[in-house]
Protein chains: 2
Amino acid sequence: MMEEHRHVTIYDIAEKLNLATSTISRALKDHHTISDKTIKKVKQTAKEMGFVPNTLAAGLRGNKSRTIGILIPTVTQPFLSSLISGIEITAQKSEYSVLIMQSHDSYEMEVNLAKSLYSNRVSGVICSLAMETKDTSHFKQFSNNNIPLVFVDRVPRDYDTFRVVINNYLAGYKATKHLIEQGCKRIAHLTAGSEFGTLYNERKRGYMDALIEHELPVDEKLIINLKEMTYEDGVKACNQLFDLKIRPDGLFAPGDILAVSAVQTAKKRGIKIPEEFAVIGFNDDPISKIIEPNISTITHPAEKMGKAAAELIIKNLKSAKEEDAKEITFLNTQVLIRESSKRI
Amino acid sequence: MMEEHRHVTIYDIAEKLNLATSTISRALKDHHTISDKTIKKVKQTAKEMGFVPNTLAAGLRGNKSRTIGILIPTVTQPFLSSLISGIEITAQKSEYSVLIMQSHDSYEMEVNLAKSLYSNRVSGVICSLAMETKDTSHFKQFSNNNIPLVFVDRVPRDYDTFRVVINNYLAGYKATKHLIEQGCKRIAHLTAGSEFGTLYNERKRGYMDALIEHELPVDEKLIINLKEMTYEDGVKACNQLFDLKIRPDGLFAPGDILAVSAVQTAKKRGIKIPEEFAVIGFNDDPISKIIEPNISTITHPAEKMGKAAAELIIKNLKSAKEEDAKEITFLNTQVLIRESSKRI
DNA sequence: TATTTTAGCACAACCGATTGCAAATAGCTT
DNA sequence: AAGCTATTTGCAATCGGTTGTGCTAAAATA
């Protein structure tokens, strides 16, 4: 029965057992210089007294907190919450904690939160960049101080550090190729931003190359640049597409929400899916297999990516070789063919 | 230009300015005993040197870490990720960090993670209980040590601490009443567990009282107890309902996923919604307004609940009155009437 | 029995910010 | 110029583990 206030410390245990605190500390970690008898006695007493180690103290001493910091735009997107889940599960196994911060896609917040993570002396950082972020110098504080840094999904192009991503170019290519194989001739595409190397741009490149390779024209009218990747913007864009003199007969949407908006807009207009309009989305969000018709999509292995990122950090922390290769981890994606695009 | 390794500390600043570390510490927090001139000078130098305070050290000293611990079953459920979002946003405003742990509905993990949060000397804990949890004595360590504890949504019945919840009884009542008002006579219900006082049980009580109040019979065959609140279990249950000699003409599902499975199962059988079968769900998950027909639902203000919980902790930390009333915060829910139940 | 080795533990200095208290300097008053 | 108050700043202890170094006693070897 533990009581009020003052926490139990190794000093309390040391006093009770007439041992030095160093012995207690070592005994609790099964240090080889401590006899089994002492270890057993210490552990027993610690449990009895209700001792719980103070990670702050340990962290201060070692200047590391056994904490992984996550800096992402938001936690509510299915992809990102699954990413968190993957990280947390992996971290938990190695007794790491997970600190979460949301940038809400704001560059300014990202800068502040990065500082805050550093202030918390996190052992490592996993980040998916804010939409607004162009400059990534606020991450130098981690690199400079030997804090492993892993970017996931939305990664910077020009920063030499760990990256866990999918091959967006290839995914875009595969998605588009699938539509072509289903007989689509005029495939539309939604995208965002325009800088080279970004995730949406890569998908677009894959889309275009697939068209070119199959000798289909790339029609700028069929490529719509969205401000935001929301359901509403998707509806707007699709209406625009359907108003064209010659309607597209297929769509590669780089997100399932957009695919949903396309499917529903088409249905509302009486356009038959997939016969008149085939749709493929991206991410394999839960909704994609519930909506009717089910939406074909590209898998985006969120949990796996989280796991991979966390493992990179934990592994890197262990080995701590100064010059570990800052490799890029590519995870595979698959084309899931469902009703929305299956014509043959 | 900051460099390698050793972090900049207040000692470094003190040395550079020929001041005591105490002065630096105070200056950085605008302590009134430090002159404006010194404050300005210190802050300037701190910035130049790239000083970032070490929260571990501060936390150790004060035995509090400005961190809020979140202990929930999983982060991937929409309700819970929104909850996190609300907490994080609120915490961020007061410069708190957020530590997240997933119990995966396991009692054993919950116990371990609670200890881990305590080990991290979190300033407060926000918890939604694991499905398995019956005994809550592992939370005593927080109460005993003056660490504010707030339960959200899935709360214990017999623990005297802060609770942030909706009135599940009333919500169940309102949902059912709505169906009755739409002319339903045989309303089915899905539920889980059976102990008194749990969230699902409260909803069921509301459901039953609404029936009774409107002089409709409570038919046990129309109440199905699910193992898990999954889409698949929902489909199974609905098929069971539709196989009855006299089919129900309405359903109150205590979760939108279940409502979706009901809607889709009904459609597959050619049962018209809402004419032959009216459905109302719970939570207002994103999917409920996307699926066709749109699903009527009960709002479950996740972000608000997160905000409320975080505020309770932060407020409680400030005032620190030993005997603050451990009140229960009830947030309102609304009936959102959409296509799936609108008959008149 | 003398000597070397090894096991087992204690000492004390950290890690970096905070804070009560003492001390020093400055500013006013008479 | 002495006396006093108000303003600033410094000293040193503290939070609780961790860890390099050194000492002691027991075990192993000669």
Side-chain angles (χ1 to χ4, degrees), chain A residues 5-43 45-46 49-67 95 116 118-123 145-146, chain B residues 5-43 45-46 49-67 95 116 118-123 145-146:
Chain A
H5 250 212
R6 273 292 165 286
H7 310 268
V8 179
T9 73
I10 55 169
Y11 290 88
D12 301 326
I13 303 176
E15 191 174 20
K16 182 159 214 165
L17 293 180
N18 253 313
L19 289 173
T21 59
S22 53
T23 306
I24 308 299
S25 172
R26 289 183 171 114
L28 289 172
K29 334 184 91 62
D30 293 310
H31 198 278
H32 67 280
T33 63
I34 308 292
S35 65
D36 287 352
K37 203 171 47 172
T38 308
I39 289 181
K40 190 174 285 181
K41 194 168 56 180
V42 169
K43 285 190 175 174
T45 313
M49 298 179 73
F51 170 77
V52 179
N54 183 328
T55 48
L56 297 179
L60 174 58
R61 170 63 213 242
N63 219 63
K64 35 97 189 169
S65 61
R66 273 192 107 70
T67 296
E95 312 222 89
S116 177
Y118 180 69
S119 190
N120 274 285
R121 297 297 187 270
V122 290
S123 315
N145 287 289
N146 255 343
Chain B
H5 249 215
R6 273 291 163 287
H7 310 269
V8 180
T9 72
I10 56 170
Y11 290 87
D12 301 325
I13 304 176
E15 191 174 21
K16 183 161 213 163
L17 293 180
N18 250 314
L19 289 172
T21 59
S22 52
T23 305
I24 309 298
S25 173
R26 290 183 174 113
L28 289 171
K29 329 186 95 58
D30 292 311
H31 199 278
H32 68 279
T33 64
I34 308 292
S35 67
D36 287 353
K37 204 171 48 174
T38 308
I39 289 181
K40 189 175 285 181
K41 193 169 56 180
V42 169
K43 285 190 174 173
T45 313
M49 299 179 72
F51 169 77
V52 179
N54 183 328
T55 48
L56 296 179
L60 175 58
R61 171 62 215 242
N63 218 64
K64 36 97 192 168
S65 59
R66 273 191 108 70
T67 297
E95 313 220 88
S116 176
Y118 180 70
S119 190
N120 273 284
R121 296 298 186 270
V122 290
S123 315
N145 287 288
N146 256 344

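Throughout, a chain's letter reflects where its sequence line sits, starting with A, and its residues are numbered from 1.
- One end of the helix from C/dT1-D/dA30 to C/dT30-D/dA1 points its axis 50° away from the other end's axis, with each axis taken from 5 pairs and the angle rounded to 10°.
- Rounding to whole angstrom units, CG of residue B/N54 and P of D/dG17 are separated by 17 Å.
- In this entry the distance linking CG of A/N18 with C1' of C/dA10 reads 12 Å, nearest Å.
- At whole-Å resolution of the value, NE2 in B/H31 and P in D/dT9 are 12 Å apart.
- To the nearest 0.5 Å, atoms CG (A/L19) and NZ (A/K41) are separated by 5.5 Å.
- Backbone-only contact: A/T9 has heavy atoms under 4.0 Å from sugar-phosphate atoms and none from a base.
- B/D30 has a carboxylate O that lies under 4.0 Å from a charged side-chain N of B/K43, or vice versa, which qualifies the two as a salt bridge.
- Comparing A/V52 and B/Y11 by the nucleotide of DNA chain D whose heavy atom lies nearest to each, the residue mapping closer to the 5' end is B/Y11.
- Side chain of A/T45 to backbone of A/I13: no donor-acceptor contact under 3.5 angstrom is found.
- From A/T38, atom OG1 reaches atom CD1 of A/I24 across 9.0 Å, with rounding to the nearest 0.5 Å.
- Across all strands, A/S35 comes closer than 4.0 Å only to sugar-phosphate atoms, never to a base (heavy-atom distances).
- In this structure, the side chain of B/N120 engages the main chain of B/S116 through a donor-acceptor pair within 3.5 Å.
- Defined by atom type and a distance below 3.5 Å, a donor-acceptor pair is present between the side-chain atoms of A/H7 and B/N63.
- Among the atoms of the strands shown, only primed sugar atoms or phosphate atoms (P, OP1, OP2) are found under 4.0 Å from some heavy atom of A/I34.
- For the pair B/Y118 and B/N145, the minimum side-chain heavy-atom distance is below 4.5 Å.
- Panel note: side chain A/R66, backbone A/E95; a donor-acceptor pair is recorded below 3.5 Å.
- Contact annotation for B/L19: backbone-only contact, meaning every heavy-atom pair under 4.0 Å involves sugar-phosphate atoms and none involves a base.
- One atom, CG of B/L17, and another, C1' of D/dT9, lie 13 Å apart when rounded to the nearest Å.
- The base of D/dC11 is paired with the side chain of B/S22 by a donor and an acceptor separated by under 3.5 Å.
- Using a 4.0 Å heavy-atom criterion, one finds that A/I24 contacts no nucleic acid atom at all.
- Rounding to whole angstrom units, CG of residue A/N63 and P of D/dT18 are separated by 14 Å.
- Rounded to whole Å, atom P of D/dT18 lies 11 Å from atom CG of A/L60.
- For A/K64 and C/dG16, the NZ to P distance is 14 Å, given to the nearest whole Å.
- In this structure, A/D12 reaches neither bases nor backbone, as no heavy-atom distance under 4.0 Å exists between it and the strands shown.
- Checked by distance alone, A/R26 brings no side-chain donor or acceptor within 3.5 Å of a matching partner on the base of D/dG17.
- Within the 4.0 Å cut-off from OP1 or OP2 of D/dG10, at least one side-chain nitrogen or oxygen of B/T23 is found.
- Counting any heavy atom pair closer than 4.0 Å across all strands shown, A/T38 reaches sugar-phosphate atoms only and no base atom.
- If you measure from atom CG of B/L28 to atom C1' of C/dA17, you get 10 Å, rounded to the nearest angstrom.
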